[in-house]
2 protein chains.
Amino acid sequence: MPVCRAPAAHGPEMGQDGQVGTRTGRPPKISRPDIIAAARRIIDTDGVDRLTMRRLAHDLGSTPMAVYHHVRDKEELLLLVLDDIASGMLRPELPADPRERVIVTAQAMHDTLARVPWVVQVITADDLFSPTALWYNETVIDAAMACGLSIEDAVYAYRSIWYYTAGELIVRAAAARRRAEDDRPTFRERVFADLDAEELPRLSSLAGRWEEISARDTYTAGLRALVDGLLPARR
Amino acid sequence: MPVCRAPAAHGPEMGQDGQVGTRTGRPPKISRPDIIAAARRIIDTDGVDRLTMRRLAHDLGSTPMAVYHHVRDKEELLLLVLDDIASGMLRPELPADPRERVIVTAQAMHDTLARVPWVVQVITADDLFSPTALWYNETVIDAAMACGLSIEDAVYAYRSIWYYTAGELIVRAAAARRRAEDDRPTFRERVFADLDAEELPRLSSLAGRWEEISARDTYTAGLRALVDGLLPARR
DNA sequence: ACCTGAACACCGTTCAAGT
DNA sequence: ACCTGAACACCGTTCAAGT
């Protein structure tokens with residue numbers, strides 16, 4: 001059993017420097033930062049699904065087992081990548097009005113994740129997330145309390161916002177992936193093409209305009225609606 | 001769509017005498033209904049991730065390729081299962097008040113999917129869904145229009161509700177899966193256990209109560225807040 | 001018409017070495 | 001200390017037959 005494991009939750013900067021004078025044995029060919037960078041490259045260009053230990057090793061000019069010497073398993077690798085991404089997190093200027101603070105923070109969280117949509121897939125599926133990102137939770141909960149909510153209700157408000165945001169990101173990411181993967185009409189489009197006008201009059205009245213209507217980004221409008229409903233009315 | 005035959009008894013081979021009319025060739029050992037039932041059994045007991053063509057064939061006392069004779073590929077199999085599930089969809093009594101109609105329909109959609117949480121994972125990830133389920137879209141859009149929204153805004157209102165609902169179901173399903181899989185404290189719990197009280201005062205003040213607070217189901221409350229924000233104020 | 005068995009091109013991960 | 005190669009136990013799917 002190799003015992004080289006560095007704690008995962010802290011920054012990548014420590015590297016091998018901890019053991020300067022006493023270094024012995026074979027010099028390393030690949031490092032954790034190398035591995036993380038290569039993993040991000042694969043995910044960015046080909047999607048998370050294409051990140052495999054073999055592909056990663058190949059891109060590094062190495063072997064799968066060399067990678068396993070630096071990371072415990074694929075889960076830890078994903079966690080390191082997540083931490084790396086969290087360092088690029090957007091921390092917006094916070095307005096004085098607490099209600100706007102909720103909106104602005106949620107929007108920043110959304111925009112940060114929209115740049116790396118696969119992250120939402122991973123964190124909801126696998127319980128992986130970066131402690132750094134808790135800043136969003138804290139800020140939304142604090143602002144909601146400043147609007148008059150109890151701490152419990154502020155947590156529930158945050159949670160509702162997270163459900164809405166995660167749902168939006170996951171659905172949009174899935175749609176984008178579909179568009180990238182193949183251009184033949186998807187199953188969804190085929191179904192919409194021949195709807196029963198008797199049973200589904202509203203939907204079939206939209207038949208031709210579905211794509212156009214779906215394309216519009218309404219995240220922000222929906223967020224404002226949700227926050228309006230969650231927070232007590234303004235005085 | 002191919003026609004589904006009646007379920008055939010699985011077990012000892014039926015004699016040639018079982019054949020009727022013009023049917024020729026080898027009598028089938030497995031049928032689509034058999035396959036669907038077996039697939040549902042696997043998913044219900046072990047989760048979607050454990051549904052593999054090999055496992056399915058094994059459970060049917062057959063071989064993977066026998067399954068491929070009845071189903072094009074794994075995607076079609078999932079679609080058949082989805083269709084099967086859609087037949088158990090809840091169609092609630094619809095109240096006269098259109099605003100309540102939105103709530104009741106969304107709640108029914110949520111409750112239907114909450115019984116089979118893996119479905120949300122599959123439909124958002126793979127663009128698979130059952131036409132039967134469009135009843136929810138239609139009903140919500142129609143009710144939102146009855147509240148005074150244009151058809152476009154009604155579609156966007158539906159979409160916001162779907163984001164919120166899908167997010168809730170996915171997050172809860174992931175949490176449940178985690179709990180089932182292992183009982184050592186998850187990464188998330190370990191992080192919450194030692195928060196920096198300086199940086200994250202609200203979150204760390206909740207340290208001990210996190211689990212208790214998370215456990216409460218606030219789907220309906222959040223839904224009402226969202227719908228309040230989305231629909232024009234009552235006259 | 002329906003099913004079988006072997007094979008292909010993949011996975012994540014472990015074992016036992018090699019330098 | 002770090003890396004290699006072979007192997008294990010899996011995938012979905014295809015090919016070529018067998019009855």
Side-chain angles (χ1 to χ4, degrees), chain A residues 1-6 15-35 38-39 42 46-79 122 125-126 181, chain B residues 2-5 8-16 18-35 38-39 42 46-79 122 125-126 128:
Chain A
M1 274 290 170
V3 209
C4 76
R5 174 155 67 266
Q16 307 83 350
D17 300 346
Q19 12 183 309
V20 172
T22 53
R23 281 279 290 287
T24 58
R26 193 167 171 166
K29 268 175 66 181
I30 58 176
S31 66
R32 277 163 88 115
D34 289 344
I35 291 172
I42 292 170
D46 297 337
V48 226
D49 296 346
R50 301 298 250 283
L51 175 63
T52 69
M53 300 304 265
R54 288 160 201 265
R55 164 78 189 278
L56 180 61
H58 175 262
D59 285 12
L60 286 162
S62 187
T63 67
M65 279 320 295
V67 177
Y68 276 98
H69 192 264
H70 297 266
V71 295
R72 187 165 9 89
D73 52 21
K74 200 181 175 183
E75 178 160 326
E76 189 185 64
L77 171 62
L78 244 12
L79 216 129
V122 170
D126 292 335
E181 260 163 30
Chain B
V3 180
C4 285
R5 286 174 291 262
H10 158 61
E13 300 187 23
M14 335 171 61
Q16 301 268 24
Q19 283 180 46
V20 185
T22 54
R23 285 276 293 284
T24 57
R26 192 165 171 168
K29 266 174 68 180
I30 59 176
S31 66
R32 277 163 88 112
D34 289 343
I35 291 171
I42 292 169
D46 296 338
V48 225
D49 296 346
R50 302 298 249 282
L51 175 64
T52 69
M53 300 303 266
R54 288 161 201 265
R55 164 76 189 279
L56 180 62
H58 175 262
D59 285 12
L60 287 162
S62 188
T63 66
M65 282 318 298
V67 177
Y68 275 98
H69 191 263
H70 297 266
V71 173
R72 186 161 17 82
D73 52 20
K74 201 181 172 180
E75 178 160 328
E76 188 183 69
L77 170 63
L78 243 12
L79 217 129
V122 169
D126 293 334
L128 303 173

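Both backbone and side-chain heavy atoms feed into the values below; hydrogens, waters and symmetry mates do not. Below, chains carry the letters A, B, ... as their sequence lines are ordered, and counting in each starts from 1.
DNA chain D is contacted by both A:Pro64 and A:Arg54; A:Pro64 maps to the nucleotide lying nearer its 5′ end (nearest heavy atom per residue).
Every residue meeting the side chain to side chain contact (heavy atoms under 4.5 Å, CB included) condition with B:Asp49, not counting sequence neighbours, appears here in chain and number order: B:Gln121.
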> Once Watson-Crick and G-U wobble pairs under 3.5 Å are found, how is DNA chain C written in dot-bracket notation, 5' to 3', with | for any base paired to another strand?
Replying inline: ||.|||||...|||||.||
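The side chain of B:His70 contributes no N or O atom lying less than 4.0 Å from OP1 or OP2 of C:dA1. Of the side-chain N and O atoms in B:Lys74, one or more sit less than 4.0 angstrom from OP1 or OP2 of D:dG12. Taking side-chain N and O atoms only, B:Ser62 has a distance below 4.0 Å to OP1 or OP2 of C:dT4.
If you measure from atom CD of A:Glu76 to atom P of C:dT13, you get 11 Å, rounded to the nearest angstrom.
Residue A:Leu78 is tested with A:Leu51, A:Asp73, A:Val71 for a side-chain contact (heavy atoms from CB on, under 4.5 Å); the sole match is A:Leu51.
Looking at the side chain of B:Lys29, the nearest of the listed nucleotides D:dG5, D:dG12, C:dT4 is C:dT4. Considering only side-chain atoms of B:His69, the nucleotide from D:dC3, C:dT13, C:dA1 that sits closest is C:dA1.
Side-chain contact check for A:Lys29 versus A:Leu60: every heavy-atom pair is 4.5 Å or farther apart.
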>> What does the B/S/- profile of nucleotides 14-19 of chain D look like, 5' to 3', with a 4.0 Å heavy-atom cutoff to protein?
In response: BB--BB
